[in-house]
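This report concerns only the one structure given below.
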Amino acid sequence: MGLVAEVLLLPFAPVRGSAWVIGQVLREAERIYYDPATVRAELARLEEQLETGEIDEEEFDRREDELLDRLETPR
């Protein structure tokens, strides 16, 4: 039965392969997004933007909260 199923599902192999690749890319993107080193670097850039006047306090607070939430999110 396994061989028959594989033969019948063979036309869908590209779709299954594409789904696997998309899953791998998504996992890697999430790993980078929640990586503490990445978040700390973004916090440093955010503080630099505040000091140079590129953003105001309100924008800084909003974005800082988002970044700190990412640090607290369990994987």
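In this chain, residues are counted from 1 in sequence order. As the structure is a prediction and not an experimental result, all values here were calculated from the model.
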- Name all residues meeting the side-chain hydrogen bond (donor to acceptor under 3.5 Å, both in side chains) criterion together with R62; count only those two or more places apart in sequence or in a different chain, and write none if there are none. E59, E66

- Task: With sequence neighbours excluded, tell me which residues meet side-chain hydrogen bond (donor to acceptor under 3.5 Å, both in side chains) with E58.
- Result: none

- Query: Which residue pairs pass the salt bridge (charged side-chain N to carboxylate O under 4.0 Å, His left out) test when at least one of the two sits in residues 36-55, sequence neighbours left out?
  - Reply: E42-R70

- May I ask whether V25 and W20 are part of the same hydrophobic cluster, defined by side-chain heavy atoms of I, L, V, M, F, W, Y residues being less than 4.5 angstrom apart, directly or through others? yes

- Apply side chain to side chain contact (heavy atoms under 4.5 Å, CB included) to L46 and list each qualifying residue two or more places apart in sequence or on a separate chain. Q49, I55, F60, R63, E64, L67

- Measure the spacing between CG of L43 and OG1 of T38 and express it to the nearest 0.5 Å. 11.0 Å

- Message: Please find the pair of heavy atoms, one from V39 and one from Y33, that lie closest to each other, and give the distance.
- Response: CG2-O, 3.8 Å

- Query: What about L68 and L50, same hydrophobic cluster or not, with Ile/Leu/Val/Met/Phe/Trp/Tyr joined at side-chain heavy-atom distances under 4.5 Å?
  - Reply: yes

- Message: Side-chain heavy atoms under 4.5 Å apart, restricted to Ile/Leu/Val/Met/Phe/Trp/Tyr: what other residues fall into the cluster of L9, or is it alone?
- Response: F12

- Query: Can you name the side chain to side chain contact (heavy atoms under 4.5 Å, CB included) partners of E72, sequence neighbours left out?
  - Reply: D69

- Query: From Q24 CD over to L26 CG, what is the distance, rounded to the nearest 0.5 angstrom?
  - Reply: 10.0 Å

